[in-house]
Amino acid sequence: MRIPWLIASVWLAGCAALKPLQDPPDPGVYHATLRNGLRVALCPVPSAPNVAMKLSFRVTGRDDPPGLDGLSVLAYYALIWSDEEAWLHRVERLGGWWDPTNIYPEARAQDILLPARDLPEGVAIFREMVLATDRSDLRWRRVFQERKEATGFFRKEPAPGSLLDREGFSEPFVRNDPIGLVSTLDKVTEEEFLAFRNRHIVPARMQVTLVGAFPPAETLRLLERELGGIPNPPEAVRDPAVLGAFQPGLKVVVEPPRPGEKGPPVRLRIGYPIPQELPALEAQLLAGLLQRHLQVSFPDCRAAADTRPGLRLLRLAFPGDPDKVLPMLETSLASFPAALDEAQVVRSATELRRRSAFGPPPRMQNSYWISWAVTFGTEPLGWGGHSPWHELDRLSRLRADDLRRDARRVLRSDRRLVVASAPDEAGVEDLRKRLPPCTSSAPLPVQDLPGFPDNPPPDRDPEPVLTFRNPRVQSLAGGRILFL
């Protein structure tokens, strides 16, 4: 009589289905700080077949010494210089994947994707990477001698940032492309290179993000044991450098025509600071609805929400003559909050939620992309450390009154920067005669990466559960089976 029950058990197991990957248990993301200052973000997703592991370095061009643009890139490249092949082979032997060279304005990152059972081996590799910050000066001196091999990460000439960034932000790093200059490789001395390593390439400036099938409490203990005891040098700078302040006002500047430019050039740009507490998706929804509203009067205008750390701006761009656009624009902006329609807001929020969660690539169903969402504040990559699912849930509850409140907080004339441009000095002089006098208000406070307070997982992990998709199986099995 035991055989039928055994067959039934196997059949039930075959019908079982884990929870969808886009629906993790609350709180979604746990944050903790190890005793050496290394940050940890854990996002357990029991249904994932693997674990995405990210070691990010909160060291950027903001930390570069004056005149040495890109020294942070060289130091990061040096960190993986001699061990890259060995780490890659270890990951591939386990059936995993490694992406070693992610360089973004707010951080640099190493990514590993492994089967969930091999998480300890991934942590061991991360330990070797963190220990590489404390290697002997001999190794780093050899890297310095071979630095010219890193020219692929450097440019011969600086690539300027956008016009709004150049005119609005005081921080040079914001106003120029973050990749370094080849001239830095020629100018930097060995002592400057080693001093930069000792100050910035340290555990306190790193973060480990894990997404996938793992017990969070047990994993946090593993990370504390393997990574928490690696010391920082005495001269270490533990906190990332902040970005510069934003300068509201009105400016008229020269902007030469771009090669091959067709149609009327964009001659008016406006930037409105986005409050740090306004979620990225909500800001994106606001920009989309504002563009639709403005295009009734300005068919070629563009609106976009830029939520990169320190660059949080709602950006507007208008082709044509600024002196003709501005008077009509004020009327259109003033009528926007009242024009928000409940059905339109709900419909647009639903569409944005669908695209963000399941659009190509299906990021919310892939632990690698979720690790970006958990780690970074850049809108195309994620939500700046908050649970992506919580942001999506918030989006599903938004109503017109919420967007009206957001619009009044963001679209403030006393906080915006208006930049009008002309192709030459004569055009600038003509614009200045026809526009209001150029102004410059007091700089707005520095915007920086948001801080995420620790909310470590409970000391004891819950018993793993398996849920069933078929309602009849749920009624037979009580909806779950405990693995004892």
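In this chain, residues are counted from 1 in sequence order.
Of all heavy-atom pairs spanning I112 and I125, the tightest one is CD1-CG2, 4.0 Å. In terms of heavy atoms, V202 sits closest to A236 at CG1-CB, 3.8 Å. In terms of heavy-atom proximity, A287 sits nearest to A303 at O-CB, 3.6 Å. The two residues L417 and G168 come nearest to each other via the heavy atoms CD2-CA, 3.4 Å. Taking each heavy atom of V130 and P203 in turn, the nearest pair found is CG1-CG, 3.9 Å. Contact detail for A245 and P443: the closest heavy-atom pair is CB-CB, 3.9 Å.
A 4.5 Å side-chain heavy-atom check between R39 and V208 finds every atom pair outside the cut-off. Looking at P248 and R416, their side chains never come closer than 4.5 Å, going by heavy atoms from C-beta outward. At a threshold of 4.5 Å between non-hydrogen side-chain atoms, the residues V40 and T33 do not count as touching. Within the 4.5 Å cutoff, no side-chain heavy atoms of S162 are placed close to those of R269. By the 4.5 Å heavy-atom criterion applied to side chains, L352 and L395 are counted as neighbours. In this structure, V45 and C43 have side chains that are in contact, with non-hydrogen atoms separated by less than 4.5 Å.
In summary, the side chains of W97 and E92 do not present any donor paired with an acceptor at a separation below 3.5 Å, with no hydrogens or angles considered. With hydrogens and angles left out, the side-chain atoms of D63 and S72 include no donor and acceptor closer than 3.5 Å.
Under a 3.5 Å cut-off, the side chain of R415 and the backbone N or O of P273 do not form any donor-acceptor pair. Looking at D64, its side chain does come within 3.5 Å of a backbone N or O of G70 through a donor-acceptor pair. The main-chain N or O of E218 is found under 3.5 Å from a side-chain atom of D461 such that the two form a donor-acceptor pair.
One distance of note links CG of L68 with CZ of F193; it measures 12.0 Å at 0.5 Å rounding. Here the CG-CG distance, from N50 to L114, works out to 8.5 Å after rounding to the nearest 0.5 Å. Distance check: L210 CG to L119 CG gives 6.0 Å after rounding to the nearest 0.5 Å.
Taking the six-membered ring where tryptophan is involved, the planes of F169 and F246 are tilted, since the angle between them lies from 30° to 60°.
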Sequence neighbours excluded and cut-off under 3.5 Å, please list the side-chain donor-acceptor pairs for residues 221-235, or say none.
from : atom 1 : to   : atom 2 : distance (Å)
R221 : NH1    : D459 : O      : 2.7
E224 : OE2    : R35  : NH1    : 2.3
N232 : OD1    : A204 : N      : 2.9
N232 : ND2    : N36  : O      : 2.8
E235 : OE2    : N198 : ND2    : 3.3

Is there a side chain to side chain donor-acceptor pair (under 3.5 Å) between H200 and R205 once you walk through the steps? CA-CA 7 Å; H200 301 291; R205 297 288 290 276; 3.0 Å; yes
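Contacts classified as side chain to side chain donor-acceptor pair (under 3.5 Å) and involving residues 184-195 (residues at least two apart or in different chains) are given here: R141-E190, Q145-E190, K148-D186, T189-E192.
For the salt bridge (charged side-chain N to carboxylate O under 4.0 Å, His left out) test with E121, the passing option among R93, R90, R127 is R90; the others fail.
The salt bridge (Lys or Arg N to Asp or Glu O under 4.0 Å) search around D402 returns R405, not counting sequence neighbours.
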